[in-house]
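Reminder, nothing fancy here: chain letters follow the sequence lines and each chain counts from 1. Everything quoted here is computed from the prediction, not taken from an experiment.
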Amino acid sequence: MNLETPRTTELPKSYEPKSIEGKWYPFWELERFFVADARSTKPVFSIVIPPPNVTGSLHMGHMLVYTLHDIVVRWRRMQGFNTLWLPGTDHAGIGTQYVVERQLAAEGKSRQDLGREAFEKRVWEWKEQSGSTILKQLRLLGGSCDWTRERFTLDEGLSRAVREVFVRLYNEGLIYRGKRLINWCVRCRTALSDLEVKSDPVQGKLYSIRYPVKGSSEFITVATTRPETMLGDTAVAFNPRDQRYLSMRDKTLVLPLLHREIPLIEDEFVDPEFGTGLVKVTPAHDPNDFDMGMRHQLQMISVMDEDGRMTPEAGRFQGLERFECRREVVRELQTQGLLEKVEDHLHNVGHCDRCRTIIEPRISIQWFVKTKPLAEPAIAAVEDGRVRFVPENWAKTYFEWMRNIKDWCISRQLWWGHRIPAWYCDQCGEIIVAREAPQACSQCGSSSLTQETDVLDTWFSSGLWPFSSMGWPEATEDIKVFYPTSLLITAFDILFFWVARMIMLGMKFMGDVPFHIVYIHSLVRDAEGQKMSKSKGNVIDPLQVMEQYGTDAVRFTLAIMAAPGTDISLSHEKMLSHRAFANKIWNATRFVLMNQDHPTRRASAIVSISTLQQELVCRKSELSLVDRWILSRLANVIKETQISLESFRFHEATHCLYHFFWHELCDWYLEFLKPRILDSTGLENHQLSFRVLHFVFDQALKLLHPFMPFITEELWQRLPHEGVSLAIAPFPVSREEFIDPGAEKGVATLEDVIVKIRNVRAEMNIEPSRKIDVNLASSDPAIVPILEDGSIHIRNLARCAQVNIMNSLKNLEHSARRVALGVEIEIPLVGLIDFEAERAKLEKEIARAEKEILQIQQKLSNPNFLSGAPESVVQSNRERLIVATDKFHKLRESLSRL
RNA sequence: GGGCGGUUAGCUCAGAUGGCUAGAGCGCAUGCUCGACACGCAUGAGGUCGCAGGUUCAAUUCCUGCACCGCCCACCA
C-alpha cells in the first residue's frame, strides 16, 4: 500500500494540458507498466497494432484507431489482464519506394540512375531518419504499447517468417510462377494486385472500326474505347445466340493497318445488345479478352512494353507512347475510311492506387498465390464465429469477397521489400525456392545461380503480422501466450488487403485464427462530413489539435463520436467542448483537494480504497440520502461503462461518464454537499460524507482513465491514493450493495422540486439573492420523509427561507403553483414581487405585442404587399405573426396569475 | 448490375433485441462577479423522427416500396 499525505499545492484555475502531459508518459514507460509478461498466470489480453507506414506521420485516422486501441488496452490492463499491445511499423513497399523516388526526382535523378543497391541504401537511410516519427507521435497521444516488443516488417526475424511461408506455400503448390495477364503500372513499372487498382470514371470515346472480311468487299464493325489495342487483336467474337452473325461463323477477317488474318469466333461472353454485338479480342491487353483467348487457344500478342510504349509487334507504330499511338491509329483508320464513327463515352478506367497512372493490363511472368484453398478455412472461421466482426454486417462484405476470390499476384518489380527467395540456374534454368541462398543447382549442380529480382507485395508480410511479430517460426513463449490475439481494430478500407489475408495465413500456418474479434472503426471526416484531404485543405492535424485542446480532449472527442457504423464528423467545436469537460474535471477535483486538508477530514485519507469501499458498504444505514444516491448512480455507471466497453460501444461509455461526472456529480452532488464541505465545524457525519466524496472521485478518475489518461493520472496522484499509478490501478467494479432505487427516486424528486421552484423564480423575475418560502404537499407517504430529509437541499439550491411540508396546500391567492414528481408546490408571491410594477411591465409588453400583431396583419391583408413583395418576405411575415401571437397569449396568462 | 450505410432540434450527431415527456454537444434567448470552474451556473425556446403503405394494443425503432445522399464490389468492348 502506498499512501501519500494530501498535497496542498496550489493548482491553476484552469486546466493547462501542456504543463502535465509531458511528464506522465516517460514515467509510465520507465516503470514498465506497459510491458507484458509471457510468464504471468493472469488472463491474457493481446492486440497487435495495424502497423503504420514506416515513413508516415500521424493523421486523424491513426489518432482514432490508436485511441480506440489505447482505451481497450488500458481498460483491460486495469482489469488485471496480462495485457500486450504490440507496436511496430510496415515497410510499405510501393508506398515508401514512391516517396523516395519522388525525392530523387526532385534532385533530377531516377532509381535507375542510382542502381538497385544504392537505391535500397537510400531508402534505408530515409527509414532510419523518419521511421520513428509516427511511433513518437503514438507515445504523445498516450498509446500504452509494449515498446520492448516493437517490430518492423523488414526486420531479420520477420523476413525469415516471410521466406518460411513462401517456401512452404511453394512446396505445397500454393505459390506458382506463371505467365498471366496482370495489372501493370507503367510509371511504377511493376505488377499490381487487383486490389491496388482503383477504377475511376473517365470521359472517353467509343470508336467504331470496320474490319474487312477476307475475300470479299464486306466488312464488319466493332466498337472499342482503346483503338491502339487493335494492333494486338487475334480474333473478333460474337455471341452464338446472335442470329445476325451465324452465317459468317467460318469467315476470316483482315486486321486493318497490320493486315493480319484473324478468325471470327463465338463466345457466350459477348453481349449482343451492346454496339454491333461484335467484339474485337485482344487477349494480351484485356482481362475478358484474355479469358476468351484461353478458351479459344488464341495467340496472345503483346503490343506494349513495360513503359507503355509500342513493341515491334505493333509494326510501324513501334516506339510510340500508348496514347500517342491511339491518336495515330485513329488518324490512319480515318484516312483509310475504316473509322465508322466516334461517340463520347463515359466509362471506368483502372488507375494505379499509388500514383494514379492509368493501368495497362499486360501479360508477364509473375508469382501468384493460389487463394481458393486458403480461403476455405478462412471463410469457415467467420461462419462458425471463431472470428466475429463488429459491426457484424462487415462479415457479409468479407464473405462476398472471399467467396469470389481470385489468385493473388504477389510479385512486384520493385526494389524495396522482401526479395523473393527463388534462384534460377544459369546453366539449366531450374528454379530453386529455398529459405537460404543455395550453393548449387539441385538439378545440374551448377553454382552459377541468379536470385529472382522481384520483391513481394507488402501485404504478404503484413498478412503474417500477428504471428511473425511474435517471433514465428520460432516456437516462442510469446506465441504460446499471446496468439491468437484477442482483438483487431482497423478500418474497412483494408478489410481485403489485410484482414482477409491475416485470417487465411493465420489459419494456414498457426492452425488457428489470428484474432477473435475484428472491430471495424469509422472514417474521420471534417465538420461538413467531407473526406479529409490535402487538396481540399480540410485536414485536421492531430498534433496541432492535441496542442490546442489537450490530448485527453481530442481522445475523448474521438471516442464519444465513435458510434459503430457511422462516420465521424470531427469539428473544432466538439474538441472545444471536451476541453471544457477536461477543465470541469480539473476544477471539480481541485475543489475536493482544496477542502480535504481540514483536520476532521484527514481520517478519510488514511484508509485504502478497498477498505474504504468496505466501510461504506457496512455503514450504509448511516449514509445520507444524497450519499446513498451518488453511490447508487456510481454503481450503475460502472455497470454501464463495463457493458459498453465489452461491446465496443465507446460512444456510450463516454456519454455515460460525461453525463455522470458533469451533470450528476458536479451539478448536483457537489452542490448538495457544498454547505457541509464549507462548514468547518467538523461534525462526524460530515466526515462520512467526505469519505463518500473521496471514494466517488477515486472511482470516477479510474473510469475516465482509459479515455483521458493524462489528466486523470495527474489528479489521482494528488488525491490520497493507493498504488503508484492509475495505469495499473484496479478498474472499478460495480457493487450491488450500493444500488439503491429508493435513493435514486428520492433524489429525482428533490431535483424536480428544486428545478420547478427555480423555474418560477426565473419566470417571475425574482432576484437571485431574494429568499422565498415554499409550501410542499404530497399524497404519497413515501415522499414526505424524503422532503423532510431534503428540505435543507431545497433551501440551499432553490434559495428558500422556509420550506413547509404539509398535507395539502393552503390554496393561497397571489401565488404560483407547480407540480413536480408526486409533489405539489405552492409559492406565495405577496411581498416578493411588486405586483403593480410587474403588472404594468406585463401590460406594456402586451400592448407592444398587440401592436406588432396588428402591423403584421395589416401588411398581410394588403393585396399590394402580397403581390409585390418577394415570397420570402411574405413568408417571414407570416412566421413573425405566429411568433407574436404566441408571445401575446403567454403574457396574458402570466398577467392573470398575478 | 450487385451489396452496404445514412435520412431525428438551426448545425453535428446519440437513440442494441418496439412502450420514457425522443436525448446530447454546439448555437440561440433571458438572468447570474451565489467562496471549484465564465472552458462556468441557472432558466428557456426549438422536433409531422425523409415519403407512402403494412404488422402490432403500441412503430423513430420491425417489414415492403419509393425518393435523395454517401461508400464498396463487379463491369459491356
It should be established whether A:His663 places a side-chain nitrogen or oxygen under 4.0 Å from OP1 or OP2 of nucleotide B:G25. yes
Respond yes when some side-chain nitrogen or oxygen of A:Lys396 is under 4.0 Å from OP1 or OP2 of B:C4, and no when none is. yes
State, yes or no, whether a side-chain contact exists between [X] and [Y] at a heavy-atom distance under 4.5 Å.
X	Y	result
A:Leu346	A:Asp344	no
A:Ile585	A:Tyr15	no
A:Leu255	A:Met230	yes
A:His521	A:Phe648	no

Let me know, please, whether A:Trp662 or A:Phe496 comes out on the 5' side of the other along RNA chain B by nearest nucleotide. A:Trp662
Pick the closest RNA chain B nucleotide for A:Ala582 and for A:Lys574 by heavy atoms, then say which residue is nearer the 5' end. A:Lys574
Taking only N/O atoms, report every protein-nucleotides 61-64 of chain B pair under 3.5 Å with atom names and distance.
none

Touch class at under 4.0 angstrom, heavy-atom based, for [X] against every strand present:
X	result
A:His347	sugar-phosphate
A:Glu671	base
A:Val281	nothing
A:His285	nothing
A:Arg799	base
A:Asp667	sugar-phosphate
A:Asp271	base

Contiguous pairing runs of three or more, Watson-Crick or G-U under 3.5 Å, that involve RNA chain B: B:1-7 with B:67-73, B:10-13 with B:23-26, B:28-32 with B:40-44, B:50-54 with B:62-66
Would you tabulate the nitrogen or oxygen pairs shorter than 3.5 Å linking the protein to nucleotides 6-9 of chain B?
none

Within this structure, what is the CG-to-P distance between A:Leu665 and B:A36, rounded to whole angstrom? 15 Å
What is the distance, to the nearest angstrom, from the CZ atom on A:Phe492 to the C1' atom on B:C71? 6 Å
Classify the side chain of A:Glu392 versus the base of B:A16 as yes if they form a donor-acceptor pair under 3.5 Å and no if they do not. no
Under the side chain to side chain donor-acceptor pair (under 3.5 Å) rule, collect the residues that match up with A:Tyr669, sequence neighbours excluded. A:Asp627
If we check side chain to side chain contact (heavy atoms under 4.5 Å, CB included) with A:Phe581, which of these qualifies: A:Asp552, A:Thr557, A:Leu704, A:Ile560? A:Leu704
Looking at the rings of A:Trp662 and A:Tyr658, which for Trp means the six-membered one, are their centres under 6.0 Å apart? yes
Side chain of A:Arg579 (C-beta onward), nearest among B:A36, B:G25, B:C39: B:C39
Selected nucleotide, minimal atom distance to A:Ala762 side chain, candidates B:C71, B:A36, B:U43: B:U43
Per the under-4.0 Å heavy-atom filter, residues of residues 644-651 of chain A near RNA chain B come out as A:Arg649, A:His651
Salt bridge (charged side-chain N to carboxylate O under 4.0 Å, His left out) partners for [X], two or more places apart:
X	result
A:Lys584	none
A:Glu652	A:Arg649
A:Lys771	none
A:Glu228	A:Arg226, A:Arg326

For nucleotides 28-31 of chain B, print each protein N/O atom paired with a nucleotide N/O atom at under 3.5 Å, atom names and distance only.
none

For residues 654-667 of chain A, pull every pair meeting salt bridge (Lys or Arg N to Asp or Glu O under 4.0 Å), keeping only residues two or more places apart or in separate chains. A:Arg633-A:Glu664
Which salt bridge (Lys or Arg N to Asp or Glu O under 4.0 Å) pairs, counting each pair once, include a residue from residues 388-403 of chain A, with sequence neighbours left out? A:Glu383-A:Arg403
